[in-house]
> 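Quick one: this structure, given as structure tokens, is what I'll be asking you about.
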Amino acid sequence: MFDVDERMLEKLETLINKEAKETQRISLKQYNKEIDEAIEDVDNGDFYTQEQAREIANQW
């Protein structure tokens with residue numbers, strides 16, 4: 001069984017909900033903030049490999 005990181009699922013849910021509601025472009029400041037946060041997540045090892053993502057998707 002694959003252990004799912006609840007924090008990552010919450011981030012994914014937030015992203016999906018945000019994208020579904022958002023119809024306008026974000027500001028450059030917000031865009032850069034989100035990139036910085038993503039880089040920080042990767043630097044902290046807070047990510048899934050492509051293979052892990054496939055395994056998770058196959059469980060849906």
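Computed from heavy atoms alone, side chains included, the values below leave out hydrogens, waters and symmetry copies. The structure displayed is predicted, hence computed values, not measured ones.
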> Out of curiosity, Lys11 NZ to Glu37 CD, how far, rounded to the nearest 0.5 Å?
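One gets 8.0 Å once the value is rounded to the nearest 0.5 Å.
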
> Salt-bridged, Glu51 to Arg54, with N to O below 4.0 Å?
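Salt bridge between Glu51 and Arg54, a charged N being under 4.0 Å from a carboxylate O: yes.
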
> On a heavy-atom basis, which atom in Met8 and which in Tyr48 lie closest, and how many Å separate them?
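In terms of heavy atoms, the two residues are closest at CB-CE1, 3.7 Å.
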
> Between the side chains of Glu55 and Gln59, does any donor sit under 3.5 Å from an acceptor?
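Short answer, no.
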
> Out of curiosity, Asn44 CG to Ile39 CD1, how far, rounded to the nearest 0.5 Å?
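Those atoms lie 12.0 Å apart.
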
> How long is the span from the CD atom in Glu10 to the CD atom in Glu6, to the nearest 0.5 Å?
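The CD atom of Glu6 is 6.5 Å from CD of Glu10, to the nearest 0.5 Å.
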
> Distance from Asn32 atom CG to Leu28 atom CG, nearest 0.5 Å?
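The CG atom of Leu28 is 4.5 Å from CG of Asn32, to the nearest 0.5 Å.
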
> Would you say that Asp41 contacts Arg7 through its side chain, given a criterion of any heavy-atom pair below 4.5 Å between the two side chains?
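Counting from C-beta outward, Asp41 and Arg7 do come under 4.5 Å.
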
